[in-house]
Protein chains: 2
Amino acid sequence: MDRLDAMRAFVTVVNEGTFTRAADRLNMSPQLVSKYVSRLEEHLGVRLLNRTTRQIHLTEAGASYHQRAQQVLHDIEDLECQIGDLQTEARGMLRISAPVSFAIRHMAPLLSEFQQAHPGVGIDLQLNDRKVDLVEEGFDVALRIGHLKSSSLIAKRIAPIRMAVVAAPDYLKQNGTPQKLEDLQGHRYLRYSYIELDSSQPLHRWLQNNGQNDSNGMTSNNGDVLMEAAVAGAGIALQPTFISGPAIKAGKLQVILQEYEPEPMGLYAVYAHRQLLASKVRSFIDFIDGYFGDPPYWD
Amino acid sequence: MDRLDAMRAFVTVVNEGTFTRAADRLNMSPQLVSKYVSRLEEHLGVRLLNRTTRQIHLTEAGASYHQRAQQVLHDIEDLECQIGDLQTEARGMLRISAPVSFAIRHMAPLLSEFQQAHPGVGIDLQLNDRKVDLVEEGFDVALRIGHLKSSSLIAKRIAPIRMAVVAAPDYLKQNGTPQKLEDLQGHRYLRYSYIELDSSQPLHRWLQNNGQNDSNGMTSNNGDVLMEAAVAGAGIALQPTFISGPAIKAGKLQVILQEYEPEPMGLYAVYAHRQLLASKVRSFIDFIDGYFGDPPYWD
DNA sequence: GTCACTATCAACATTTCGTTGATAATAACC
DNA sequence: GGTTATTATCAACGAAATGTTGATAGTGAC
């Protein structure tokens, strides 16, 4: 027996004054209402109503139960309404994890616009380049760059991420401009710590074999530092264009080995489940999807 | 789906931290717990838990729901405990004192129904028209008719008791039908020994002055005898309608001087104290309250 | 890399649910 | 006073759910 339905039946009977009218109001048969109330009495072990065939009267227990049961039902109704509102109006705190360099450059205006469109949503943006555990760390959505392996998570591709080999024109003048992969030999390589190398890409394969343990290069877990270093002529960097784009346009960096440019990676929005998604999350996914354009504005 | 069970499942999962342990605690299979939580989420349209196969984490909606749901469950538990306590003790011997004529006519079906509703309660019904001492004589509850004076006892009004002046039609034909109080002079009055006369009622005042020491009437401490006597044409009686009702309906008695009918008295259930009332007594009070209807079925 | 654990899915027998038709009891009406 | 209409409840049946079992995939620990 659904005790809530039973409680609702009882309360309605008391409020309406008769089983039949209560049944009308609840859209069920009077027999069922009667059965519910009987079961409820049985369950409680108390007679709640003294009933003749024409009239009903509350017992003392019934009166006490009625009052509190009505309160409980009201509470539950409130509760469910509140949850529903939370759902339909897209509110609450949206916790986002995002790659540091990307977020610094491209998230601020997006989030600002998003919050204007959804005033009820607060944002907690955590910048982090490691792979956070969505569930463990309580993120609603994570932005990730790379080629995603399959997992139980849902990943939606938001934008392509082109990786370009760049160096400062001055550096190239001094050290020569590589035309083939082999020409990279001997150059100083500015390495990004978290880079995912894909051995099906020639450039990646070369880096894997030759670029890992060079001692004359530089390594950082921050793309901005590497980009600045490259601009300063510290060496050659494999950089996503969302970082290097402006410097390239400004002529501070020069793209080399363009024919070896790997297949673009992707910017992905990763979230837990496709169904029953909190609408703050859904709204954000919808919002960010297409926001950067195709090709993205930085390219 | 029993939403309460679903709520309980969800709350337990949150408290225990895992579906399996929650299932243990609830004595159900983990599959069922999972199903309950899923259904609850479906019902609410919100994901409450983000779960990997090894861990669970509350969503924002889940956290808010958890807190309030726990409150609601707690409320209901309290509610049922309170009602249950009332009931679990509803057993033992219930000693009732009641007016003779009333009990003979109207207590049997009530007590029968009451015992069906409360099989654990035995009944000792003592018929007595004098004012018994509840405590002294060990009664749980006494039914009394009259206008109760204040006392340390609790008196709950159960039903109105109308008093009607009646006589047999034949008697009235022979002796005339009184139209005013003065017309009663010379009539034979069938007097009830324990009657409480209230001098604010004109009829009572007249009886007090004129009806007490007449020698042509009749006195008894039993209303049935007086009613039968009235039906037999012995005189005029002031009778409660719960006695005379059927005879009036049957035409064996005729109501006279209706405009002088005193304010109705009451049938009261008198018991010792309101708090810490043995639930057999509470149940009986609840049961008899409203049982006779308003107006009562004999009127 | 293997193993143990966990949540979930799928399928099935059983239970329960909610309807329909019937019945007893009572108030209202002629 | 007798009839009618209303009311609560009972009984029984088909339909829908419940809760079990076995299977499956993902995940952390060793």
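Naming convention: chains lettered A, B, ... in sequence-line order (proteins, then strands); numbering from 1 in each chain.
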Trainee: Is there a donor in the side chain of S101(B) and an acceptor in the side chain of D224(B), or the other way round, less than 3.5 Å apart?
Mentor: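 The criterion, which ignores hydrogens and geometry beyond distance, is satisfied for D224(B) and S101(B).
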
Trainee: Could you state the atom-to-atom distance from NE2 of H43(B) to P of dA17(D) in whole Å?
Mentor: 15 Å

Trainee: Do the side chains of L48(A) and L40(A) get nearer than 4.5 Å, heavy atoms only?
Mentor: yes

Trainee: Assess the pair F10(A) and Y65(A): is the distance between their ring centroids shorter than 6.0 Å?
Mentor: yes

Trainee: Figure out the CE/C1' separation between M28(B) and dT15(C), and round it to whole Å.
Mentor: 16 Å

Trainee: Look at S29(B) and dT20(D) and indicate whether a side-chain polar atom (N or O) is within less than 4.0 Å of OP1 or OP2.
Mentor: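 So the side chain of S29(B) is within the cut-off, an N or O lying under 4.0 Å from OP1 or OP2 of dT20(D).
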
Trainee: With the side chain counted from C-beta on, respond yes when H74(B) and I76(B) share a heavy-atom pair under 4.5 Å apart, and no when they do not.
Mentor: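 They are not in contact (no side-chain heavy atoms under 4.5 Å apart), so the answer is no.
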
Trainee: Working to the nearest 0.5 angstrom, can you tell me the gap between N15(A) CG and R21(A) CZ?
Mentor: 11.0 Å

Trainee: Would you kindly say whether Q82(A) and D78(A) are connected by a side-chain donor-acceptor distance under 3.5 Å?
Mentor: no

Trainee: Just how far, in rounded Å, is P of dA7(C) from CD1 of I56(B)?
Mentor: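 Taking atom P of dA7(C) as the reference, CD1 of I56(B) is at 7 Å.
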
Trainee: Send over the distance from H57(B) NE2 to dA7(C) C1', rounded to a whole Å.
Mentor: 14 Å

Trainee: Between S38(A) and N27(B), just flag the one whose closest nucleotide in DNA chain D comes earlier from the 5' side.
Mentor: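 Looking at the nearest nucleotide for each, S38(A) comes out on the 5' side.
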
Trainee: Show me the protein contacts with nucleotides 22-25 of chain D, counting only N or O atoms at under 3.5 Å.
Mentor:
| residue | atom | partner | partner atom | Å |
| --- | --- | --- | --- | --- |
| dG22(D) | O6 | Q31(B) | NE2 | 2.7 |

Trainee: Whole-Å distance between dT19(C) C1' and D5(A) CG?
Mentor: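 Atom CG in D5(A) sits about 16 Å away from atom C1' in dT19(C).
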
Trainee: Hey, can you pull the residues of residues 10-23 of chain B with a non-hydrogen atom under 4.0 angstrom from DNA chain C?
Mentor: T18(B), F19(B), T20(B)

Trainee: When you compare the side chain of R39(A) with that of K35(A), does any pair of heavy atoms fall below 4.5 Å?
Mentor: yes

Trainee: What's the CG-P distance between D133(A) and dG26(D), to the nearest Å?
Mentor: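 From D133(A) CG to dG26(D) P: 16 Å.
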
Trainee: Considering only side-chain heavy atoms of K35(B), which listed nucleotide, dA7(C), dG18(C), dT20(D), is closest?
Mentor: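 So the side chain of K35(B) is nearest to dT20(D).
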
Trainee: Expressed as a whole number of angstroms, how long is the span from R3(B):CZ to dC17(C):P?
Mentor: 14 Å

Trainee: Can you check side chain to side chain donor-acceptor pair (under 3.5 Å) on D170(B) and Q174(B), steps first, answer last?
Mentor: CA-CA 6 Å; D170(B) 284 350; Q174(B) 288 187 0; over 6 Å; no

Trainee: Can you see if the side chain of Y36(A) gets near the phosphate of dG18(C) - specifically, an N or O under 4.0 Å from OP1 or OP2?
Mentor: yes

Trainee: Please report, rounded to the nearest Å, how far the C1' atom of dG19(D) is from the CZ atom of R39(B).
Mentor: 10 Å

Trainee: Taking the side chain as everything from C-beta on, heavy atoms only, tell me whether K280(A) gets closer than 4.5 Å to D140(A).
Mentor: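 The answer is yes; the side chains approach within 4.5 Å.
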
